[in-house]
Amino acid sequence: MKNLFTIFHISIFIFLFSLSTLASDSSPESGGRFGQDELNQKLRDGRTLEQRGRFEAALRIYEELYPRYPDDLRLYEALRRVYRRTRNFPKWIQLAQDQRSRHPNQPKFIESLTEAYLKAGEKEKAREVGEEIYKVKPPKEEYFNWIGGLYLTNGMPEEAIRIYRRAREVFHKEDLFAQLLASAYRRTRNDQGAAEEYLRLMKGDQNARRQGENGLRQIMRRGDRRKILSVLKKAIEKEPERKELYPILGDLHLKEGRYKEALNSYEKGEAGDPLYNLARKAEEEEEYEIALRSYQKLVEKGKSASPQFIPVALYRMGMTLKKMGREDEAIQTFESLMKDHSKMKESSEATYALGQIYLERRRDPDKAAGYFKRFLAKRPQRKEQILEARFYLVECQLQKRDFKKVEKGLLEIANSEFGIRNSRDRALYHLGELYFFQGEFGKSLEVFDRVINEFPKSDYENDALRKIILITDHQSDDGSLKEFARGELLGRQGRYEEGIEILRGIIGSGRRVRLEAPTLVDDAMLLMGDLFERKREYPVAISAYENLVERIPQSNLSPEALRRAGEVYVVKLRDKKRAIETFERVLLDYPNAVQRDLIRIRLEELKEEL
């Protein structure tokens, strides 16, 4: 009986405790269901205010919520985002300090507080906080990468070097952070240290090797060549089997005017004929005049000494002329190659190149299709080129607006088994584009859904998703969407002026609507910039991109417009200073943009080159 009485009392206690817990969980202060709904709504309200540029109003909402929900990471990120946007570094520091005290073992808040101090110009305090990353257990490479990256992008390369070298000791990896260390050494004008890191990088995979080689060539152009020469010689003495180093050493000798040493290095390396190697390197570095002269000399030399190089050199001559925009000479060179060396594989390559010229430059789809059919008739060995030629044939039909043949060609590719990455998904994506161009948006959505569902992680997944968003956001405005699709098709056909005129109409109509609502204006502005790029009117293209950012700064396309403008400055206008300024605007004004990581890397490369 006594035991029953005890059990009864215990049951009553558990019941009452459960009631009190439920009551506590339902209160707003506890972050329970009612409180969570309230928080979600207020966060949405704050985000809307941010998008409209009303940062102070958004901040009032976030700061009112923070004491009640201090552990909600969404609220923390919202506050950090606004403090950073409004350059309110003292409050950012205070926020990060509070989170550090609440979560002492979270490296995320070490990074945040370090960045806040750096932005506020308090480098010594930033260094003190950054040191705490060593205490986080277990250590991870990404933690060192975070702090080192902050030092590197905030003018503290020596500290970045120390962090990265310490990481090597912690993880026992001699090549860890080689590229980042090379970048840091170049910031401190330590060409020897940078060269050593690039040599370590070249021991990696093909991509790492290419990055290391490019880095070495960059510092060879502007750095202390004697120190780089010393590093290269020591590396070759230690590992003479590393044949990829000899062409670099040869190029270095060549830059210094030591032609015999250069020739000796070329012969020991992986390159065949030194003159051909020189020509190819010059072509890769866009030194086209030098490349062209080298190929011409190689043809002259081949007639008596190395005839096997003649078809190769002729083909590369044609490709170099094509890149230089000297299309008539390129066509003449390729046709000469096809006539005099018809049985060589370069003849087949020349046929393929002629198809490209007539399609992309001359806008003659009938002649282009003839060359691509001749290319396929020669039964090329490479499946990749067969696939590309078939896609080009489809593109020829698109240029002629023969949509039935385009559809048939794409379905044939999609149903073929090429065994090549991005064959079926690419064909389906272009099929969805075809229906989009024709204004058949329902069929287009079905095909884009197939791309996403059947080919996850495909190269075309994001493009298909963007098209789905575009259609679903604007399908109610069917007429404008059809006009947009027509403008995009005209751009694909090289009828740029007609496409731009259509886009101007869409942009003009947008002045009569609220830009906070979904419109096609920002999409049209971005596409207009792209068409001006293809017309090679680069300053006008930049103006189109800038117009989008100025007129609709809250658009999801604005950071992409800035990224494209930056690339035009770099690649087409060769204005690295303006490119850096443009890329930095993305990081400052759109810190959460999906392009931020790529832009950080691009900025590092550009700053190293200046």
Side-chain angles (χ1 to χ4, degrees), residues 28-99 102 108-109 112-113 115-116 119-120 466 469-470 472-474 476-477 507 510-526 545-563 584-596 599:
E29 289 78 11
S30 68
R33 183 173 182 180
F34 174 75
Q36 194 65 39
D37 291 342
E38 178 189 42
L39 174 61
N40 291 341
Q41 183 57 53
K42 286 187 175 293
L43 284 173
R44 285 194 291 270
D45 293 343
R47 189 61 170 157
T48 300
L49 289 167
E50 281 187 68
Q51 291 171 346
R52 295 177 181 177
R54 299 176 58 188
F55 298 108
E56 292 300 327
L59 198 54
R60 283 195 293 273
I61 291 176
Y62 298 148
E63 289 182 337
E64 181 184 347
L65 290 171
Y66 185 69
R68 298 172 63 191
Y69 304 95
D71 293 320
D72 193 296
L73 282 178
R74 297 172 303 162
L75 182 55
Y76 163 75
E77 289 295 345
L79 277 167
R80 183 169 81 150
R81 185 172 60 245
V82 178
Y83 288 148
R84 182 173 187 167
R85 180 67 178 79
T86 58
R87 304 182 69 82
N88 193 337
F89 301 129
K91 282 198 172 183
W92 181 3
I93 290 169
Q94 185 180 349
L95 173 71
Q97 285 174 333
D98 181 57
Q99 289 297 318
R102 291 176 178 277
K108 174 185 179 67
F109 301 114
S112 180
L113 185 54
E115 185 180 10
K119 294 299 182 185
R466 279 192 286 269
I469 293 170
L470 176 68
T472 53
D473 279 355
H474 306 293
S476 59
D477 188 6
I507 294 167
R511 294 192 180 97
R512 299 190 293 272
V513 299
R514 290 171 62 250
L515 291 181
E516 289 83 355
T519 72
L520 276 165
V521 173
D522 49 354
D523 299 277
M525 286 178 168
L526 191 71
Y545 294 137
E546 290 281 1
N547 190 29
L548 166 55
V549 177
E550 287 178 21
R551 188 170 169 193
I552 320 177
Q554 74 274 18
S555 168
N556 291 332
L557 299 180
S558 289
E560 174 61 15
L562 285 173
R563 186 195 69 79
E584 284 179 338
R585 285 172 60 191
V586 180
L587 299 183
L588 181 62
D589 296 341
Y590 303 95
N592 296 316
V594 295
Q595 301 91 342
R596 63 187 182 276
I599 285 174

Open item on the list: Please check: side-chain N/O of T48 versus main-chain N/O of R44, any donor-acceptor pairing under 3.5 Å?
Closed with: yes
- [ ] Start with the C-alpha gap between L470 and L520, add the side-chain angles, then the distance that decides, and say whether side chain to side chain contact (heavy atoms under 4.5 Å, CB included) holds.
- [x] CA-CA 8 Å; L470 176 68; L520 276 165; 3.6 Å; yes
Task: Side-chain ion pair, E115 and R84, N-O less than 4.0 Å - done: yes
Task: Minimal non-hydrogen separation, F109 against L73, with atom names - done: CZ-CD2, 3.7 Å
- [ ] Can you establish whether the number of heavy atoms outside D45 located under 6.0 Å from its atom CG is more than 12?
- [x] yes
Task: Within-4.5 Å side-chain heavy-atom neighbours: L526 and Y545 - done: yes
- [ ] Please tell me if the side chains of R87 and F89 come closer than 4.5 Å, counting only heavy atoms from C-beta onward.
- [x] yes
Task: Note, R81 side chain near Y62 side chain (heavy atom, < 4.5 Å) - done: yes
Open item on the list: Between E560 and R466 (salt bridge meaning N to carboxylate O under 4.0 Å), is one present in this structure?
Closed with: no
Open item on the list: Let me confirm one number: the CH2-NZ distance from W92 to K119, rounded to the nearest 0.5 Å.
Closed with: 6.5 Å
- [ ] Show your working on side chain to side chain contact (heavy atoms under 4.5 Å, CB included) between Y76 and K108 and close with a plain yes or no.
- [x] CA-CA 12 Å; Y76 163 75; K108 174 185 179 67; 4.2 Å; yes
- [ ] Would you mind reporting whether L79 and L59 have side-chain heavy atoms less than 4.5 Å apart?
- [x] yes
Task: Note, V549 side chain near Y590 side chain (heavy atom, < 4.5 Å) - done: yes
TODO: Look at atom CD of Q94 and say whether more than 12 heavy atoms of other residues, nucleotides or ligands are closer to it than 6.0 Å.
DONE: no
- [ ] Give a yes-or-no answer on whether the side chains of D37 and Q41 include a donor-acceptor pair shorter than 3.5 Å.
- [x] no
Open item on the list: Using every non-hydrogen atom in the two residues, find where G46 and A58 come nearest and quote the distance to one decimal.
Closed with: O-CB, 3.5 Å
TODO: May I ask you to say whether E50 pairs ionically with R47, meaning some side-chain N is under 4.0 Å from a carboxylate O?
DONE: yes
- [ ] Could you tell me which non-hydrogen atom of R551 sits nearest to which non-hydrogen atom of V521, and how far apart they are?
- [x] NH1-CG1, 3.9 Å
Task: Atom pair CD1/NZ of I61 and K42 - distance to nearest 0.5 Å - done: 6.5 Å
Open item on the list: So T86 and K91, do their side chains get closer than 4.5 Å, heavy atoms only?
Closed with: no
Task: Rounded distance [0.5 Å steps], CG in L557 versus CG in D522 - done: 4.5 Å
TODO: Find out whether E584 and V586 are in side-chain contact, i.e. whether some heavy atom of one side chain is under 4.5 Å from a heavy atom of the other.
DONE: no
TODO: Would you check if L39 and R74 make a side-chain contact, meaning some heavy-atom pair closer than 4.5 Å?
DONE: yes
Task: Side-chain donor-acceptor contact under 3.5 Å, Q99 with R102 - done: no
Open item on the list: To check you understand the geometry: which heavy-atom pair defines the closest contact between R596 and A593, and what is its length?
Closed with: NH1-O, 2.9 Å
